[in-house]
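Encoded as structure tokens, the structure appears first; notes follow it.
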Amino acid sequence: GAGVSQSPRYKVAKRGQDVALRCDPISGHVSLFWYQQALGQGPEFLTYFQNEAQLDKSGLPSDRFFAERPEGSVSTLKIQRTQQEDSAVYLCASRVDRDTEQFFGPGTRLTVL
Amino acid sequence: GESVGLHLPTLSVQEGDNSIINCAYSNSASDYFIWYKQESGKGPQFIIDIRSNMDKRQGQRVTVLLNKTVKHLSLQIAATQPGDSAVYFCAEKMGGNEKLTFGTGTRLTIIP
């Protein structure tokens with residue numbers, strides 16, 4: 001079956017623009033995670049959903065970052081008024097349920113000019 | 001704050017040899033550890049995991065060792081192949097907390 005997919009794969013934004021990044025988890029996966037990966041660094045946790053409920057958003061760096069998963073499947077990470085420091089790869093991961101393996105998507109590389 | 005770290009940022013190994021990638025963690029409350037492999041342009045790929053009630057776990061060509069006394073985790077890859085070239089991350093999770101905390105990664109290069 002298909003893995004986690006993310007779109008777009010690459011996004012270039014001018015500073016101040018809003019962006020929306022999409023994640024399609026593996027069908028049936030209850031949990032969904034967003035991570036931010038800066039160049040040469042490990043992924044850093046942003047937020048976590050269990051079905052449509054956002055249970056942990058402690059990693060979101062500012063109120064410019066917003067994530068949603070309204071129907072418990074597809075998720076969107078929105079960044080408002082992008083800044084250069086937002087440039088990174090944004091990774092989405094999903095898993096069947098608690099205490100199971102997280103499967104990662106290929107990521108969206110965001111470049112803010 | 002507490003975080004997962006790695007001893008070596010790069011490692012070069014001759015094809016066919018065994019490789020060992022090390023990781024130190026500082027959060028004694030962590031009870032689940034995972035090794036991921038990340039190739040260029042791709043997301044992290046699960047390799048193997050281990051829970052804190054174990055000290056060793058083996059997979060296909062890979063072994064993870066956990067030493068809770070010194071808070072050390074290692075990944076052993078046997079008979080390395082060119083396809084093993086990638087960045088390897090260890091990650092930890094605390095019970096009751098769903099997020100993974102990743103280290104900065106070790107780049108493994110296999111020399112033909």
Side-chain angles (χ1 to χ4, degrees), chain A residues 2-10 21 23-26 29-51 53-61 67 69 88-109, chain B residues 1-10 21 23-27 30-54 57 59 62 64 73 75 86-108:
Chain A
V4 178
S5 61
Q6 294 186 244
S7 61
R9 290 293 316 277
Y10 303 91
L21 312 180
C23 172
D24 285 78
I26 295 173
H29 279 200
V30 172
S31 304
L32 185 145
F33 299 79
W34 284 98
Y35 292 85
Q36 180 191 60
Q37 186 174 23
L39 187 64
Q41 302 294 317
E44 291 194 0
F45 170 82
L46 293 177
T47 188
Y48 156 64
F49 290 86
Q50 186 81 355
N51 295 304
Q54 190 174 19
L55 299 186
D56 187 346
K57 53 181 180 179
S58 62
L60 296 177
R69 194 186 186 199
V89 174
Y90 290 85
L91 294 163
C92 176
S94 71
R95 68 180 187 193
V96 171
D97 206 340
R98 296 177 187 273
D99 292 332
T100 60
E101 173 189 346
Q102 290 187 29
F103 292 86
F104 281 82
T108 294
R109 180 176 296 278
Chain B
E2 294 181 312
S3 64
V4 176
L6 296 177
H7 293 307
L8 297 173
T10 62
I21 301 172
C23 176
Y25 67 95
S26 58
N27 194 333
S30 293
D31 62 358
Y32 179 57
F33 305 88
I34 314 100
W35 281 100
Y36 283 93
K37 171 186 179 183
Q38 188 173 28
E39 297 174 284
S40 182
K42 297 183 179 180
Q45 177 187 1
F46 174 92
I47 301 174
I48 192 167
D49 60 359
I50 189 168
R51 298 196 181 276
S52 59
N53 61 352
M54 303 172 68
R57 190 156 189 238
V62 294
V64 55
L73 192 69
L75 176 70
V87 177
Y88 289 80
F89 294 97
C90 64
E92 63 179 327
K93 188 177 90 70
M94 286 187 291
N97 192 332
E98 299 304 313
K99 70 178 183 182
L100 295 177
T101 300
F102 285 80
T104 54
T106 293
R107 180 173 298 280
L108 176 65

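The structure presented is a predicted model; accordingly, all values stated were derived computationally and were not measured. Below, chains carry the letters A, B, ... as their sequence lines are ordered, and counting in each starts from 1.
A/S58 approaches B/K99 most closely through the heavy-atom pair OG-NZ, 4.3 Å. Among all heavy-atom pairs drawn from B/G43 and A/L91, the shortest one is CA-CD2, 4.0 Å.
With chain B as the partner, the residue from A/Q6, A/Q102, A/E44, A/R109 showing the most heavy-atom pairs under 4.5 Å is A/Q102. Top candidate by heavy-atom pairs under 4.5 Å with chain B, chosen from A/G105, A/A93, A/P43, is A/P43.
Between the CD1 atom of B/I48 and the CD atom of A/E101 there is a distance of 11.5 Å, given to the nearest 0.5 Å.
Using a 4.5 Å heavy-atom cutoff, the side chains of A/R95 and B/E98 are in contact.
Just one residue in the list A/Y35, A/F33, A/F45 forms a side chain to side chain contact (heavy atoms under 4.5 Å, CB included) with B/L100, and that residue is A/Y35.
For the 3.5 Å distance criterion, the side chains of A/Q37 and B/Q38 qualify, holding a donor opposite an acceptor.
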